[in-house]
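Please read all numbers here as calculations on a predicted model, not as lab measurements. Values below: every heavy atom of this structure, side chains too, minus hydrogens, waters and symmetry copies.
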Amino acid sequence: MTGVRAAIVLVLMFICMSCGETYRPVATPIVPSLPNPGFTHVALVISGNGPNNPGASTSIDVSGDTAVSQSTLGLMPTYAALVQNGTRVYVANSLDDTVASFAPTSPTPVTTISLPAGSIPSFVGTTESATVYVANYGNNTVSAISIISNVLEAPVYGIPVGVHPVSLAEIPSQLKLYVANRGNGGVGGSVTSINPSDRSVNPPIANATWVSPVSVAARSDSNRVYVLDQGSGMVSAINTAFDTLVNSVSVGVGANFMLYDPTRNRLYVSNPATNMVTALDASSDALPGVAIPVANPVSVAALPDGSRVYVTSASVSGGNVTSRVTVFNAVGGSFRTTIPLTTVKQVCASNPSELSIAASADSTRVYVGNCDAGNVADIQTLNDTLLLQMPAPQSAAQPSTVDITAATQSGSNTTYAYALISGPPLRVGMTIAIENMGDSGNNGTFAISAVGTGTFTVFNASGVTESSQDGSGSAVTPQNPVFVVAGP
């Protein structure tokens with residue numbers, strides 16, 4: 001049973017990232033700083049740590065480009081939501097059927113809310129101040145949790161919805177809650193409309209046929225809800241007053257991520273199958289669109305000031321994943337620049353793990369959770385440059401041990417020749433402790449900045465070139481960022 005659940009979770013992580021998205025990351029420094037009560041904008045990163053170890057959440061002070069707190073989560077966290085104007089965080093822990101709740105500015109205490117066994121929570125969200133909702137992929141329900149007491153509200157066994165709910169959206173008026181149910185293997189997909197006031201379920205959406213809905217978003221005026229159906233390749237507009245289908249437009253089969261931009265009243269849909277991002281005008285039920293070519297797009301962030309759009313993408317070659325961010329003007333969709341992120345060993349999925357992206361509320365920063373690299377990229381929007389890469393928390397997984405035979409010093413970097421003895425392959429972002437080298441300047445604890453064939457490089461200005469040495473190293477893998485969300 002555990003194997004089945006783990007398989008379901010892996011499928012959920014790699015295909016359901018239309019859920020507001022989406023592929024889930026968390027970034028956290030190794031030694032977090034004390035909270036700064038003065039910071040005004042926050043970004044939150046969620047990181048996974050394998051099926052047997054707790055994940056983590058890192059809060060980032062936007063103005064200071066620093067991590068201000070780190071919280072311990074449950075097993076396989078997949079999605080997070082900031083509620084009550086950003087003063088509270090709720091995280092779905094998919095593998096232990098729990099939801100974690102805490103304040104973003106303080107690492108403790110973390111309150112754990114237990115869901116019914118087999119829930120496999122996949123998504124959390126709300127527009128209310130007293131209740132947050134959880135989509136439970138495993139038992140086809142939606143749970144309601146009191147934000148005030150952090151306990152399950154009635155019905156405690158969940159509101160029955162369709163097969164495999166993966167995304168939800170409550171309209172700002174709080175009159176209805178919509179759930180995208182993915183179905184199973186292209187069969188049984190549906191959309192459920194719920195009345196939050198009494199948790200009753202409304203009749204099915206009129207005139208609608210679904211294949212595998214993966215994302216749902218509500219328009220700012222509460223009059224429309226939009227559903228992305230990955231199986232049919234359609235984005236559909238629903239009249240929320242009558243729960244009727246108004247119109248559907250094609251964005252291509254395989255589209256799996258949708259973002260609603262309230263500033264420009266626009267929908268952005270990424271489709272890795274067609275190498276396209278489509279911008280749809282949500283002010284008209286005709287949903288007129290502009291197609292923007294992007295190779296292997298994953299997820300999208302729009303600056304709140306309405307000026308630019310950022311698209312993450314990744315490509316795989318020879319077992320390595322190369323990630324980047326492409327920047328477009330929001331007006332007209334013209335290309336601005338490409339920001340390279342990393343080329344690292346593929347560790348997160350058979351396909352590139354989703355690169356979750358979010359823009360800060362003040363539009364000064366964009367954050368990208370890079371699952372394969374084990375870090376979060378911090379991009380300055382003033383000049384669209386990569387400022388730094390914040391390492392995720394250290395993993396509790398088996399460390400890598402290496403035999404080191406030589407060192408070459410160049411400027412501020414030292415490159416070591418090595419052979420892997422045990423554990424996973426070395427990769428960028430690992431922390432490695434080196435000892436027993438012939439020259440003490442080559443010993444120490446460093447972050448790996450580059451990995452080559454039989455070599456790795458660290459920042460070590462004290463290194464000494466030695467052609468024959470007999471040292472050893474032990475490297476710790478960072479956790480894998482899986483989701484990023486920005487607060488007010």
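- For the pair F102/L73, a side-chain contact is recorded, criterion being any heavy-atom separation below 4.5 Å from C-beta on.
- Taking 4.0 Å as the cut-off between side-chain N and carboxylate O, R266 and D281 do not count as a salt-bridged pair.
- No side-chain heavy atom of S270 sits under 4.5 Å from any side-chain heavy atom of M276.
- Residues satisfying the side-chain hydrogen bond (donor to acceptor under 3.5 Å, both in side chains) criterion with S220, sequence neighbours excluded, are Y260.
- Screening L386, N375, V325, V298 against V368 for a side-chain contact (heavy atoms from CB on, under 4.5 Å) leaves a single residue, V325.
- A side-chain donor-acceptor contact under 3.5 Å links T414 to the backbone of N460.
- R324 has its side chain out of reach of I339: every pair of non-hydrogen atoms, C-beta onward, lies at least 4.5 Å apart.
- R264 meets the salt bridge (charged side-chain N to carboxylate O under 4.0 Å, His left out) test with no other residue; sequence neighbours excluded.
- In this structure, the ring of F446 has its center no less than 6.0 angstrom from the ring center of F459.
- Taking the side-chain hydrogen bond (donor to acceptor under 3.5 Å, both in side chains) definition, one finds that T312 meets it with S299, sequence neighbours left out.
- Between the side chain of S474 and the backbone N or O of A433, no donor-acceptor pair lies under 3.5 Å.
- Looking at heavy atoms from C-beta onward, S69 lies out of side-chain contact with S106 at the 4.5 angstrom threshold.
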Stepwise side chain to side chain contact (heavy atoms under 4.5 Å, CB included) test for N150 and R88: CA-CA 11 Å; N150 280 325; R88 202 73 191 164; 3.9 Å; yes
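- Residues V134 and I145 meet the side-chain proximity criterion, which asks for heavy atoms closer than 4.5 Å.
- If you run side-chain contact (heavy atoms from CB on, under 4.5 Å) between V132 and each of T127, V99, I147, only I147 comes through.
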Test side chain to side chain contact (heavy atoms under 4.5 Å, CB included) applied to V458 and I432, step by step: CA-CA 9 Å; V458 303; I432 187 165; 4.3 Å; yes
Chi angles and distances behind the side chain to side chain contact (heavy atoms under 4.5 Å, CB included) call for T108, S71: CA-CA 7 Å; T108 57; S71 301; over 6 Å; no
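- The shortest distance between side-chain heavy atoms of T381 and L303 falls below 4.5 Å.
- For the residue pair T408 and T415, no side-chain donor N or O sits within less than 3.5 Å of a side-chain acceptor on the partner.
- Of the listed residues (T342, T343, N296, D372), just one forms a side-chain hydrogen bond (donor to acceptor under 3.5 Å, both in side chains) with S323, and that residue is T342.
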Residues M437, I404; criterion side chain to side chain contact (heavy atoms under 4.5 Å, CB included); working and verdict: CA-CA 8 Å; M437 299 294 287; I404 301 174; 3.7 Å; yes
